[in-house]
Each structure stands twice: as structure tokens, then as C-alpha cells.
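To keep things clear, I will list the structure first and then write my remarks on it.
What you see below is based on every heavy atom in this structure, not just the backbone, and it leaves out hydrogens, waters and symmetry mates. Letters A, B, ... mirror the listed sequences (proteins, then strands); counts begin at 1. Being a predicted model, the structure only gives us computed values, none of them experimental.
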Protein chains: 2
Amino acid sequence: MRADPRVIRSKASIIEACAALIAEEGFSGVSIEAVANRSGAAKTTIYRHWPSREALLAEAFGVCADAALPSPDTGSLREDLRVILGGLTLKLNDAGWCSAIGSLADAAGRDAELERLHQATLSEGRRPLTAILHRAVARGDLPAGLDVEDAVALIVGPLFYRAMIARQPVDEGFVARAVDAALAELRPG
Amino acid sequence: MRADPRVIRSKASIIEACAALIAEEGFSGVSIEAVANRSGAAKTTIYRHWPSREALLAEAFGVCADAALPSPDTGSLREDLRVILGGLTLKLNDAGWCSAIGSLADAAGRDAELERLHQATLSEGRRPLTAILHRAVARGDLPAGLDVEDAVALIVGPLFYRAMIARQPVDEGFVARAVDAALAELRPG
DNA sequence: GCGGTACGATACGCCGCCGTAGCGAAGTGC
DNA sequence: GCACTTCGCTACGGCGGCGTATCGTACCGC
């Protein structure tokens with residue numbers, strides 16, 4: 001029944017349990033004891049694999065706060081935006097994802113190491129959107145002088161605000177409005 | 001030297017200390033012990049005035065997370081937006097304010113009582129903006145069918161995202177861009 | 001100066017979590 | 001079947017926070 005030892009069989013269950021706890025209790029609400037109970041692993045085993053609570057949390061964070069978004073390249077800025085914001089909406093409507101990202105954003109203000117992790121996660125998540133904006137500029141769909149970083153904030157800000165600050169569900173109508181708004185505000189005239 | 005007893009002289013210092021701790025450590029990082037140490041009051045005294053940690057935090061929260069924004073009525077939508085978002089920017093660039101709001105937003109996902117407090121704070125803060133939007137609609141500056149709640153998210157979302165999610169300072173240029181974007185996206189055509 | 005009140009100080013038992021140590025069980029390769 | 005590794009279990013001392021109980025004290029109005 002037991003899996004093959006000599007191979008580390010506890011790590012996966014520990015990370016899985018830790019990720020679930022981050023999603024439920026938030027980044028700063030996770031204790032090693034709770035991870036041990038939930039995973040079935042002994043506390044000793046956790047300390048064998050990770051030097052500290054922070055190291056474990058950082059590794060588990062990637063599981064429940066996966067920042068990967070679709071990377072469309074349809075040739076149409078509107079369509080690209082629709083796809084990418086649709087992907088973001090799926091994550092924003094996932095309470096666990098919001099809890100993980102939100103609690104890390106909060107904790108990042110008080111810990112330089114967490115701030116690095118948080119920024120890395122965010123910039124990873126921004127990449128597909130900056131890519132389609134750069135392509136749109138290259139195509140002439142958007143003005144040449146566009147500040148892409150500002151544009152990203154203008155585009156995704158409303159969605160993040162709705163889900164993580166106002167804490168309301170993000171429905172399709174709002175996403176459509178956000179796409180329209182993005183196009184209206186980024187295009188000249 | 002001491003102030004007049006028979007009058008409660010400890011409450012103010014306790015609330016002040018608690019508010020400072022919320023700003024520094026976040027909503028869920030405040031212990032009664034820490035409040036006692038910081039305020040100079042005895043733990044006993046705190047429990048005499050508040051039945052629970054939550055009650056104290058809720059009361060102190062208002063001090064460091066004051067949601068009041070300017071309520072301009074200049075007759076010009078652009079100018080009203082400029083004033084109100086300028087006021088919001090001041091708060092968003094205050095690390096203590098962001099810590100208080102952000103940590104409560106995070107904690108609200110796991111506690112119904114905190115969710116109520118958070119929503120109350122937010123709707124209080126939204127009021128001046130919804131007011132100017134309604135006035136703009138009445139003037140004909142904005143289309144009659146405007147969904148004001150959605151519009152609020154579209155307008156303030158980018159600023160909240162910048163400050164509390166991306167955790168970058170909100171400069172004047174970005175605010176100006178947000179005002180332009182809001183006008184471009186809300187106006188027909 | 002006598003009750004009454006607001007308060008500080010100390011101490012209590014309880015709990016959850018920390019990080020570590022020591023042990024035995026189970027399965028591996030050789 | 002022996003050496004080795006992974007792992008679970010139990011127990012440890014220490015810490016910080018919880019909420020309460022018991023004092024002593026300073027200051028008020030009367």
C-alpha cells in the first residue's frame with residue numbers, strides 16, 4: 001500500500017496540505033502544526049525537508065496562487081483582452097486564490113522576503129498582458145508612447161478591486177465592461 | 001499631572017495604541033498584550049472597557065482607516081474626479097491606511113463579522129464618488145443608464161490595485177491618467 | 001475622611017505553537 | 001540479512017497570548 005521509500009514520499013502531501021491551508025487561512029494563518037495534522041506527516045518530517053516555515057510557505061504558495069494566465073495572440077486587441085481577462089476572472093472568483101494572493105500582498109508590507117515573493121508572482125502574472133499590449137503597440141492598435149505598466153494597472157485594477165477589495169463576484173457583464181473601458185481609455189481620441 | 005479620574009482616561013490611549021498597531025501589524029497581527037504594553041494601560045483595564053479583542057479592534061479600526069473622502073461639487077465631472085481621486089491617493093500612499101484596509105479585506109474572507117465592518121467602511125468611502133456620478137448623470141454629463149457601482153470599480157480600481165496589490169506608490173501622473181481613463185470610458189462614443 | 005470609581009500591577013492556569021531529540025518501524029539496495 | 005534511508009510517534013522546554021482574579025492605589029464628590 002505504502003509507496004516506495006528511499007524516495008521522498010512525504011513532500012507532496014505536505015505541500016498540498018500547506019497550499020490548502022494558505023487558501024483557507026491566509027499566508028500568515030498557517031502553522032507548521034496545522035500542516036502536520038492536515039498532511040498526516042509528522043512535524044519532524046516537515047523540518048527535515050524545509051529549514052523554516054517561510055521556506056515551506058514560499059514553495060507551497062506557488063501551488064495555490066498559480067499566476068499563469070492565457071497568452072492569446074489573435075491579432076485583435078479586443079479579443080486578446082477578452083481572453084486574458086476571462087482567465088483572470090476565473091482566478092479572481094476562486095476564493096482560495098484570492099486568499100493566497102491577498103494575504104501575501106498584506107504580509108508583504110511587513111517582510112522584505114515576502115515582498116520579493118509577491119512581486120515575483122505579480123510580474124509573472126502580468127507578463128501575458130504586457131505582451132499583448134506591446135504587440136498592439138507594434139501593430140499600431142495602440143499609441144506608440146503608451147506606458148505599458150500604467151496600462152496594465154488601468155486594465156486589471158477594476159477586476160482586482162472588485163474581487164479582492166470590494167469582495168464581490170466578478171461577473172461576465174463586468175468583465176465585458178472592463179474590456180470596453182480598457183479599449184476606450186487606451187485608444188487616442 | 002494625571003487627568004481627572006471618575007472620567008475614563010485610559011480609553012483614548014488604548015484606542016490610539018491599538019490603531020497604531022493595526023497600522024503596523026495589520027488587523028490580525030494585534031494582540032491585547034501588545035496593546036496593553038504600547039498604551040501603558042493594564043490588560044485588565046482593556047478587558048474592563050471592551051468585551052473582546054474584536055470589539056476593541058473594530059472601534060480602533062475607524063481611527064487608522066478613516067474612509068472619509070472629499071465631497072466636491074464643482075459642476076465639472078473632471079474636476080470632481082480630480083479632487084476625489086486626489087484625496088484617495090493621499091490615503092493610498094499612507095502605509096498605515098493601506099495596512100489597515102488591506103489586512104481587514106483579507107481577514108473579511110474568513111469572518112462574517114469582519115466582512116460587515118469591511119463592507120461598511122468601503123460603502124462609506126464610496127459615497128462621495130457615487131454622489132458625483134449621480135449628479136453627472138443628472139446633468140447629462142454621463143449617460144442615463146450608467147451602472148454607478150460598476151463605474152466606481154472602474155474608476156478607483158486602478159488606484160487600489162497600484163497601491164494595495166502591486167504595492168507601488170501612486171504618483172500624480174498615474175492619477176491624472178486614471179481621471180482621463182475614467183472620462184474616456186464612461187462617456188458615450 | 002469616607003465611599004465610590006478608574007486604574008495599574010501581579011499572578012494564575014490554559015492553550016497553541018515553536019524547534020529539537022530520541023526512538024522504532026518499514027522498506028530499499030546490495 | 002545487513003546497512004541505510006525515510007518517516008511517524010512521543011516528549012521536551014520555552015514562549016507568547018488568552019481571559020480572569022486579586023490586590024493596592026490614586027483621586028473624585030460629598
- Item | Short side-chain N/O contact to C:dC7 OP1/OP2 from B:His49, under 4.0 Å | yes
- Could you give the CD-to-P distance, from A:Glu25 to C:dC17, as a whole number of Å? 10 Å
- A:Trp50 CH2 to C:dG19 P, straight-line distance once rounded to whole Å: 15 Å
- Item | Whole-Å distance separating the NZ atom of B:Lys43 from the P atom of C:dC7 | 18 Å
- Item | Donor-acceptor pair between B:Ser99 and A:Arg110 side chains, under 3.5 angstrom | yes
- Task: Looking at every strand, decide which applies to A:Ala41 at a 4.0 Å heavy-atom threshold: base, sugar-phosphate, or nothing.
- Result: sugar-phosphate
- Could you tell me whether B:Asp180 and B:Arg78 have a side-chain N and a carboxylate O separated by less than 4.0 Å? yes
- Query: Atom CZ of B:Arg53 and atom P of D:dT20: how far apart are they, to the nearest Å?
  - Reply: 15 Å
- Could you say whether B:Thr45 or A:Ser31 is positioned toward the 5' end of DNA chain C, judged by the nucleotide with the nearest heavy atom to each? B:Thr45
- Task: Look at the side chain of A:Thr44 against the base of D:dC9 and say whether a donor-acceptor pair falls under 3.5 Å; ignore hydrogens and angles.
- Result: yes
- Can you label the angle between the B:Phe27 ring and the B:Phe61 ring as parallel, tilted or perpendicular, going by 30° and 60°? perpendicular
- Item | Under 3.5 Å donor-acceptor pair, B:Arg48 side-chain atoms to C:dG8 base atoms | yes
- Query: Using a distance-only test with no angle check, is there a side-chain donor-acceptor pair under 3.5 angstrom linking B:Asp80 and B:Thr74?
  - Reply: yes
- Item | Below 4.0 Å: OP1/OP2 of C:dA6 and any side-chain N or O of B:Ser10 | no
- Can you tell which of C:dC18, D:dG17, C:dG8 lies closest to the side chain of B:Glu33? D:dG17
- When the distance from CD1 of A:Ile32 to P of C:dT20 is rounded to whole Å, what number comes out? 11 Å
- Task: Using whole Å, report how far CZ of B:Arg9 lies from P of D:dA26.
- Result: 11 Å
- Of the nucleotides D:dG8, C:dC18, C:dC7, which one has an atom closest to the side chain of A:Tyr47? C:dC18
- Message: Salt bridge or not between B:Glu115 and A:Arg167? Use side-chain N to carboxylate O under 4.0 Å.
- Response: yes
